[in-house]
Structure formats: structure tokens, C-alpha cells
2 protein chains.
Amino acid sequence: MARYAKEHKQATRRRIVETAGSRLKRDGIDGSGIATLMADAGLTNGAFYAHFDSKEDLVASTVADQLREQRERYSGQSLEEIVRGYLSIQHRDDTAGGCPSAALLDEIARSSESVKRAYTDGLLAIIDDAAARLAPDDPQSARVRTFGVFALMVGTLQVSRALADRRLADDVLEQGIQNALALLGAEQRISPSSC
Amino acid sequence: MARYAKEHKQATRRRIVETAGSRLKRDGIDGSGIATLMADAGLTNGAFYAHFDSKEDLVASTVADQLREQRERYSGQSLEEIVRGYLSIQHRDDTAGGCPSAALLDEIARSSESVKRAYTDGLLAIIDDAAARLAPDDPQSARVRTFGVFALMVGTLQVSRALADRRLADDVLEQGIQNALALLGAEQRISPSSC
DNA sequence: ACTATTATATGTCGTCCATAATATTACAGA
DNA sequence: TCTGTAATATTATGGACGACATATAATAGT
């Protein structure tokens with residue numbers, strides 16, 4: 001029996017998933033063909049089905065991978081750093097290298113249950129990390145509130161990207177930072193119901 | 001010269017744009033073919049180019065129309081009604097009949113400048129209406145703050161739609177209402193800098 | 001009935017996802 | 001070191017559908 005080193009196939013699959021991350025975020029799910037996705041990884045279309053059952057399978061894997069990577073990146077940053085980096089001009093102008101939610105959210109919403117499942121699981125890991133830092137005593141109750149701040153950030157980035165007026169788009173980002181920090185601030189003084 | 005009543009062609013074009021609104025929001029821009037879009041209007045693909053220069057042209061027109069319609073709908077509602085309706089379960093579960101921003105935002109961000117221009121203009125009309133109601137004395141300064149609330153609403157609806165867990169998705173909506181109303185409330189007491 | 005207008009029916013050519021047949025690679029054992 | 005064979009990749013092909021263009025038929029004022 002002549003087997004390849006186990007790593008080879010795994011490494012190739014990993015490479016496909018990683019390059020697919022950028023391509024999908026840049027051109028969208030429907031906008032990215034399998035031939036292109038494979039070419040990005042230095043392969044041809046025929047090899048695709050040795051690694052994935054279908055395009056949907058690749059999308060689900062890629063979404064999961066993108067969220068894993070995002071989670072790791074955030075583990076080394078404070079919440080305020082995350083907010084300011086997320087709603088930065090650099091992030092807005094780098095769709096391919098940025099947040100998968102902002103780039104793909106409404107296509108994910110239209111996707112199959114398996115893709116939405118991958119998205120939900122991957123995002124929950126990120127949210128729960130943040131919730132644990134926000135309310136170490138009761139992270140469970142902070143989960144939904146953290147979702148709220150995250151959704152605000154995603155929506156703001158998307159709106160900023162869709163606006164044809166650059167100055168307005170910049171202002172929207174800045175406003176988003178204020179709003180996100182305000183909600184996080186209100187978050188940290190939990191018990192006192194009012195000011 | 002034998003001309004049709006002027007309305008005929010206009011009416012057909014209008015019908016195409018209206019049915020395209022639902023189809024585009026349901027299946028996405030890349031996910032909707034011209035033949036399908038025309039069939040929705042009771043026509044065949046060949047007639048398309050008598051009404052539009054290109055698919056992009058239709059998309060821009062449809063985006064503009066959708067935002068016009070949304071603006072009119074909101075003109076009869078209070079800001080709180082708008083927020084509660086927007087972040088309702090009904091709206092989340094009716095992508096085809098709902099907000100074009102929530103359905104198409106990241107595809108619009110990837111679109112040509114003409115589509116983004118149509119989006120920007122249409123959205124600004126909605127935003128400025130709301131800003132005028134929020135701060136009648138100084139609507140200009142309220143514009144960006146209104147954008148912030150709108151972006152929060154859009155992001156929240158999208159996240160709720162993308163989650164595979166229905167209960168969680170419902171909770172996210174409810175949290176979004178709280179956040180939006182909180183930001184609107186903070187908005188209305190402008191001058192007093194703190195509490 | 002004439003004719004401009006509008007729609008249908010095709011055609012072109014490219015790309016889509018997926019599969020099958022073929023070629024190349026790289027390891028295992030003699 | 002050489003070779004057989006399994007693992008992996010390439011090229012070729014299928015059938016469907018994509019945007020867009022043109023030729024033909026139907027429609028409806030004058």
C-alpha cells in the first residue's frame with residue numbers, strides 16, 4: 001500500500017478553505033465559482049470533489065474556519081480595541097480580509113441549514129468569549145446583550161461599505177464606535193438600573 | 001405614427017421593478033436571473049432590454065424603488081413603531097417583503113457605483129425624514145446619529161435571520177429593540193450632556 | 001389597413017456545478 | 001534502486017442556466 005503522508009490531503013484542504021475565505025468574502029457565495037475557488041488554491045476544478053461533497057459543504061467549512069480565525073484574533077484584544085478595529089476605515093476597505101459576517105451575512109441567511117448551523121456555532125463561540133469578559137460573574141445573561149453589540153457593529157460596517165459617499169461612510173463608522181462603546185459601557189454597570 | 005398610450009410601457013416597467021423587488025430580496029442579486037425576473041412579471045427574457053440597459057440598471061432602479069416604498073411606509077409611523085415593526089418576528093420571516101437593506105446590503109456593497117449611488121440617495125431620504133422628526137431644530141446634525149440607529153436595526157435583523165437557533169434569534173431581535181430605543185432615547189435629550 | 005410599439009422566440013457564447021476518464025505523483029516493498 | 005499501486009490532480013464532458021442580442025410575430029392607436 002502506498003499512502004501519501006496523511007498531512008498532504010489535509011494541508012491541501014486547509015489551503016482551499018483558507019483561500020476560499022478571501023474569495024467568498026470578496027465576490028460573495030453566488031459570485032464565486034468552484035473553478036475560481038480552486039484556482040485560488042493553485043488547483044483545478046476537478047480536484048474539488050475529492051475534498052468536499054459540494055459547494056455548500058465548502059461554504060459551511062469556510063464559514064466555520066473564518067469564525068475560528070476571527071475568534072483567535074480577538075482573544076488578544078480588549079473589547080474596546082475590537083470595536084475600534086472593527087469599525088475602522090482599514091477594515092471597511094478590506095472586505096476580503098475582514099469579518100465574514102459583514103461580508104456574507106445576508107447570503108448566509110439565504111443558505112442551507114448546514115451553513116447557518118456552522119455560522120451559529122462559530123459565532124456563538126466568539127460571542128461567549130466576549131460575554132465572559134464583559135460579565136465574568138454571569139456570562140450567560142450577557143450573551144444576548146453581546147449579540148446586540150455585535151449586530152450593531154456588523155450593520156454599521158455594511159452600511160458604511162454600501163454608501164457611495166465616502167465622507168458620510170466615514171462618519172457612520174465613527175458614530176458606530178460611539179454607539180458600540182455606549183452600549184458596552186451601559187453593559188458594565190449592570191445592576192444599577194439607571195444613572 | 002401609432003403610439004401606445006404613454007402609460008403602457010411605463011406600467012410594464014413599473015411591474016417589472018416591483019416584482020423584481022421581491023425576487024431580488026428573496027434570492028439575492030447574483031441568485032436571480034433575468035429570465036426569472038421577467039417571468040415573475042409575466043414576460044419573457046427578450047423583452048427585458050426594451051426596458052433596461054442591463055441587469056445592473058434594473059438592480060439600481062429596483063433598489064431605488066424599494067427605498068422609496070420603504071420611505072412612504074415609514075411616513076405614517078412613529079419612530080418607535082418603526083423600530084418595533086422592523087425588529088419583529090414577522091419582518092424577520094418575510095425577507096421578500098421586507099427591508100431591502102437587510103436583504104441585500106452586502107451584495108449592494110459589492111455592486112457597481114451606480115447601484116451604490118441609488119442606494120445612498122434612497123437611504124438618505126429615509127434617514128433625513130427620521131432625523132427631521134428626531135431633532136426638528138437641527139436635522140442635519142441628527143443625520144449621522146440616525147444612520148447609527150438604522151445600521152443597528154439592519155445588522156440585528158440580518159443576524160437574527162442567519163441564526164439556526166430560533167429561540168436565540170428571537171432573543172436577539174428583542175435585544176435589538178431595547179438597544180435601538182435606548183439610542184433613540186439618548187438622542188432626544190441632546191443638550192444635557194450627561195444624566 | 002397601416003405602422004410604430006411591444007412582446008415572443010431563438011441564438012450566441014460564456015460560466016455554472018458536478019462527474020468521469022485520464023494522467024501524474026509519491027510512497028512501499030522487493 | 002527500481003517498480004507496482006494507491007492517492008491525488010488534470011483534462012474533458014454533461015446539461016443547465018447566466019447575460020445579452022436579434023429576428024419575427026402580435027398588438028393597438030390613428
Side-chain angles (χ1 to χ4, degrees), chain A residues 1-20 23-63 104 107-108 110-115, chain B residues 1-20 23-63 104 107-108 110-115:
Chain A
M1 294 169 256
R3 290 211 212 127
Y4 278 49
K6 288 185 182 177
E7 312 175 74
H8 281 201
K9 188 166 186 178
Q10 270 188 331
T12 301
R13 184 192 157 102
R14 175 156 197 76
R15 182 159 40 92
I16 297 170
V17 168
E18 281 174 2
T19 55
R23 174 64 65 174
L24 290 175
K25 288 188 289 183
R26 183 185 299 282
D27 294 343
I29 296 173
D30 288 341
S32 304
I34 286 177
T36 304
L37 291 165
M38 292 299 278
D40 286 347
L43 297 169
T44 51
N45 55 342
F48 180 83
Y49 294 91
H51 295 280
F52 305 94
D53 292 342
S54 63
K55 183 182 181 181
E56 177 193 314
D57 181 20
L58 169 65
V59 171
S61 301
T62 302
V63 165
L104 299 173
E107 276 189 300
I108 290 172
R110 276 191 288 271
S111 295
S112 67
E113 203 63 20
S114 68
V115 172
Chain B
M1 293 169 256
R3 291 210 209 132
Y4 276 49
K6 288 184 182 177
E7 311 174 70
H8 282 200
K9 188 167 186 177
Q10 271 188 331
T12 302
R13 185 192 156 104
R14 176 158 195 75
R15 182 160 38 93
I16 297 171
V17 168
E18 280 174 3
T19 55
R23 173 64 67 175
L24 290 175
K25 288 189 287 182
R26 183 186 300 283
D27 294 343
I29 297 173
D30 288 342
S32 303
I34 285 178
T36 304
L37 291 165
M38 291 299 280
D40 286 347
L43 297 170
T44 52
N45 56 344
F48 180 83
Y49 293 93
H51 295 280
F52 305 95
D53 292 341
S54 62
K55 183 181 180 181
E56 177 193 314
D57 182 19
L58 169 64
V59 171
S61 301
T62 302
V63 165
L104 299 173
E107 276 190 299
I108 290 171
R110 277 191 288 272
S111 294
S112 68
E113 204 62 21
S114 68
V115 173

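It should be emphasised that the depicted structure is a prediction, and the values quoted were computed from it without experimental measurement. In what follows, chains carry the letters A, B, and so on, assigned in the order in which the sequence lines appear, proteins first and then strands, with residues in each chain numbered from 1.
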Could you tell me whether the phosphate oxygens of dT8(D), OP1 or OP2, come under 4.0 Å of any side-chain nitrogen or oxygen in T12(A)?
no
Under 6.0 Å from the CZ atom of R14(A), do we count more than 12 heavy atoms belonging to anything else shown? no
Distance col, row S54(A):OG vs I34(A):CD1, nearest 0.5 angstrom, shows 8.0 Å
note: R15(A), atom CZ; dT8(D), atom P; distance rounded to Å ~ 13 Å
Contact check, residues 31-44 of chain A vs DNA chain C, heavy-atom distance under 4.0 Å, returns S32(A), G33(A), I34(A)
Rounded to whole Å, NE2 of H51(B) lies from P of dT6(C) at a distance of 7 Å
Taken to the nearest whole Å, OH/Y49(B) to C1'/dT22(D) is 13 Å
H8(A) NE2 to dT25(C) P, in whole Å, measures 14 Å
Rounded to the nearest 0.5 Å, the CZ atom of R13(B) sits from the CD atom of Q10(B) at a distance of 9.0 Å
Rounded to whole Å, the NZ-P distance (K9(B) to dT6(C)) equals 5 Å
Q) Which is true for A50(A) with a 4.0 Å heavy-atom rule: it touches a base, it touches only sugar-phosphate, or it touches nothing? A) nothing
When rounded to the nearest 0.5 Å, the distance separating CG of D40(A) from CZ of R26(A) is 9.5 Å
Atom CZ of F48(A) and atom P of dA12(D) are separated, to the nearest Å, by 21 Å
One should read off an interatomic distance between D30(A) CG and D27(B) CG, to the nearest 0.5 angstrom, of 9.0 Å
From CZ of R13(A) across to C1' of dA9(D) the rounded distance in Å is 17 Å
The reported gap from CD in E107(A) to CD1 in I29(B) (rounded to nearest 0.5 angstrom) is 9.5 Å
When rounded to whole Å, the CG to P distance for the pair D30(A) and dT15(C) reads 17 Å
Here the residues of residues 52-61 of chain A within 4.0 Å heavy-atom distance, strictly under, of DNA chain C are S54(A), K55(A)
So do the side chains of L37(B) and F48(B) get within less than 4.5 Å of each other, counting heavy atoms only? no
